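First the structure, in the form of structure tokens, and then the observations on it.
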Protein chains: 2
Amino acid sequence: MGATKEVVVRLAKYKNVLEKLRSLGFVKVFSDNLADAVGVSPALVRKDFSMFGITGKKRGGYQLDDLITQLNRILGGDEVQRVIVVGCGKIGSALMQYRGFARERIRIVAGFDVDPAKIDPNAPIPIRDISELPYVVKSEKIKVAILTVPESAAAQVADMLVAAGVRGILNFAPILLKSQQNVVIHNINIALELENLFCLLRFAESEGERNR
Amino acid sequence: MGATKEVVVRLAKYKNVLEKLRSLGFVKVFSDNLADAVGVSPALVRKDFSMFGITGKKRGGYQLDDLITQLNRILGGDEVQRVIVVGCGKIGSALMQYRGFARERIRIVAGFDVDPAKIDPNAPIPIRDISELPYVVKSEKIKVAILTVPESAAAQVADMLVAAGVRGILNFAPILLKSQQNVVIHNINIALELENLFCLLRFAESEGERNR
DNA sequence: TAGATTGTTAATCGATTAACAATC
DNA sequence: TAGATTGTTAATCGATTAACAATC
């Protein structure tokens with residue numbers, strides 16, 4: 001094949017940029033424009049497109065509407081994407097209320113926690129006891145979950161999610177969960193990201209000295 | 001050279017795993033153990049180490065204490081790493097209170113916002129008006145900032161941070177900020193991560209069908 | 001037309017891995 | 001000793017880019 005994860009991820013980035021361009025009134029784009037916006041080379045943009053049979057006009061670039069339609073077809077389109085949040089602590093609650101999701105057609109349909117004080121099935125976004133998770137995942141056909149439980153519970157809750165039928169997990173717990181057969185896991189480790197920033201800076205500095 | 005960003009990022013992952021192993025009472029590790037924990041091949045672990053002059057014993061693997069010391073030397077070690085949060089909305093506030101940072105020796109020293117209602121210079125972690133940002137960054141020698149402002153303000157505030165002397169930005173606004181000369185920017189776009197999960201699942205499905 | 005941009009091939013580049021001698 | 005693991009070289013692999021004919 002060749003349609004690796006990286007390509008799919010880039011396609012989604014192109015789509016996001018294109019939607020912004022459309023709202024600005026653009027009608028067409030060149031591979032050059034997209035390349036600049038996403039931070040890749042124009043050749044790669046064209047290659048990514050051609051890999052999925054998306055073509056443009058030799059001199060006129062790509063029609064914005066066409067392109068977005070095609071990308072939606074490939075990426076899974078316009079349906080509202082339903083997600084649950086498991087672990088309603090600080091970060092979990094913040095994500096449940098995050099306004100940026102609506103624009104991307106992402107809807108959080110429920111939260112789950114073990115703390116009885118947090119349970120509130122009548123809230124706009126209901127918060128349920130975690131024991132109800134398997135039932136809700138099945139009846140609502142939930143495919144993707146955001147995992148924001150403490151580190152100590154993360155592995156166990158991840159297993160529970162997979163057992164219930166969840167196929168994609170966005171993990172914020174500071175533990176590396178591994179993608180398995182049929183389950184895609186993305187790990188976001190904020191402390192590690194900060195550490196990496198500090199390391200890279202330190203490195204950039206010593207590089208600078210070396211070149212002086 | 002060859003010490004690319006990826007290598008540095010892996011070294012930090014090794015270090016995290018090693019610290020956990022140490023707290024479990026481990027005394028030595030093999031490249032095999034680390035490879036499993038971080039999800040890479042044993043050969044790559046050894047290569048990464050040898051690239052920085054870290055050596056083990058031909059039969060006995062690597063001494064845990066030695067290894068951690070070496071990694072600390074390379075990665076910038078044990079000092080407390082001071083960070084500011086710019087934008088004290090839901091996510092910004094959640095991060096300011098996130099308990100996981102302390103363990104990684106990360107300390108949030110201040111928050112900034114434009115909303116007068118949020119300003120509170122006497123809180124445990126003071127929240128200041130954004131106009132004070134340049135002064136605080138300079139006087140406290142802040143190198144890294146977490147950016148959690150709304151999309152519409154992100155680019156402008158990022159410029160402000162760089163002008164004030166910040167050299168690393170962890171950007172949560174849904175906009176792709178580009179790393180420049182001397183400035184490292186990591187973008188975490190949570191909506192995009194979720195979109196990617198859905199896309200990858202959709203892809204995995206159609207792959208599955210094809211192989212049936 | 002002249003100029004610009006696509007689509008695609010072949011070349012390049014860099015990162016990862018296989019493999020194995022060295023050696024504990 | 002026999003067995004296991006490192007350190008390193010050379011081979012592989014895959015992704016990216018350069019380059020250019022096609023063509024609008």
Side-chain angles (χ1 to χ4, degrees), chain A residues 1-14 17-18 21 26-71 74 178-179 196 200 203 207, chain B residues 1-14 17-18 21 26-71 74 178-179 196 200 203 207:
Chain A
M1 262 231 86
T4 60
K5 191 170 147 165
E6 278 90 34
V7 184
V8 176
V9 166
R10 280 200 301 271
L11 290 184
K13 285 185 186 171
Y14 300 146
V17 171
L18 291 170
L21 291 178
F26 276 55
V27 171
K28 63 184 178 187
V29 275
F30 303 122
S31 55
D32 245 37
N33 306 140
L34 276 171
D36 288 343
V38 173
V40 299
S41 75
L44 189 55
V45 174
R46 299 198 295 273
K47 183 144 228 217
D48 287 343
F49 286 172
S50 91
M51 185 172 284
F52 288 94
I54 298 177
T55 61
K57 294 244 180 324
K58 289 274 176 185
R59 169 84 187 282
Y62 300 82
Q63 289 297 311
L64 202 51
D65 281 327
D66 274 13
L67 198 44
I68 293 178
T69 308
Q70 297 260 33
L71 287 174
I74 295 160
K178 299 229 185 64
S179 298
N196 285 338
L200 291 170
F203 249 78
E207 286 290 298
Chain B
M1 260 234 90
T4 60
K5 191 170 147 166
E6 278 90 36
V7 184
V8 176
V9 166
R10 279 199 301 271
L11 290 184
K13 285 185 185 169
Y14 300 145
V17 171
L18 291 170
L21 290 179
F26 275 55
V27 172
K28 64 184 178 187
V29 276
F30 303 123
S31 55
D32 245 37
N33 306 140
L34 277 171
D36 287 343
V38 173
V40 299
S41 76
L44 189 55
V45 174
R46 299 199 294 274
K47 183 144 229 219
D48 287 343
F49 285 171
S50 90
M51 186 171 283
F52 288 93
I54 298 177
T55 62
K57 293 245 180 325
K58 290 274 176 183
R59 168 85 186 282
Y62 300 83
Q63 289 297 311
L64 203 51
D65 281 328
D66 274 14
L67 198 44
I68 293 178
T69 309
Q70 298 259 34
L71 287 175
I74 294 159
K178 300 229 186 63
S179 298
N196 285 337
L200 292 171
F203 249 78
E207 287 290 298

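If you're wondering where the values come from, they're calculated on a predicted model, not measured in any experiment. A, B, ... follow the sequence lines: proteins, then strands. Residue 1 opens every chain.
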>> Would you say that A:N33 contacts A:V17 through its side chain, given a criterion of any heavy-atom pair below 4.5 Å between the two side chains?
In response: no
>> Strictly under 4.0 angstrom, non-hydrogen atoms only: write out the protein contact profile of nucleotides 2-11 of chain D, one letter per nucleotide from the 5' end, B, S or -.
In response: -BBBBBBB--
> Using purine N1 to pyrimidine N3 plus N6-O4 or O6-N4 for Watson-Crick, or N1-O2 and O6-N3 for G-U wobble, each under 3.5 Å, what pairs with D:dC24?
Replying inline: C:dG3
> How many angstroms lie between CD1 in B:I74 and CZ in B:F49, if you round to the nearest 0.5 Å?
Replying inline: 8.5 Å
> Any side-chain N or O of B:S41 less than 4.0 Å from the OP1 or OP2 oxygen of C:dT17?
Replying inline: yes
> Quick one: is A:R10 getting a side-chain N or O under 4.0 Å of the D:dA15 phosphate, OP1 or OP2?
Replying inline: no
>> Just the rounded figure in Å: distance from P of C:dT12 to CG of A:L44.
In response: 19 Å
> How long is the span from the OG1 atom in B:T69 to the CG atom in B:D65, to the nearest 0.5 Å?
Replying inline: 6.0 Å
> Over how many whole Å does the gap from A:D48 atom CG to D:dT16 atom P extend?
Replying inline: 8 Å
> Who is the Watson-Crick or G-U wobble partner of D:dT9, with both distances under 3.5 Å?
Replying inline: C:dA18
>> Output the rounded distance in Å from NZ (B:K5) to C1' (C:dG14).
In response: 16 Å
>> Using only atom types and a distance under 3.5 Å, with no angle test, would you say the side chain of A:K178 pairs donor to acceptor with the backbone of B:D36?
In response: yes
> Mind checking what makes side-chain contact (heavy atoms from CB on, under 4.5 Å) contact with B:N196, not counting sequence neighbours?
Replying inline: A:V9, A:A12, A:H186, B:L192
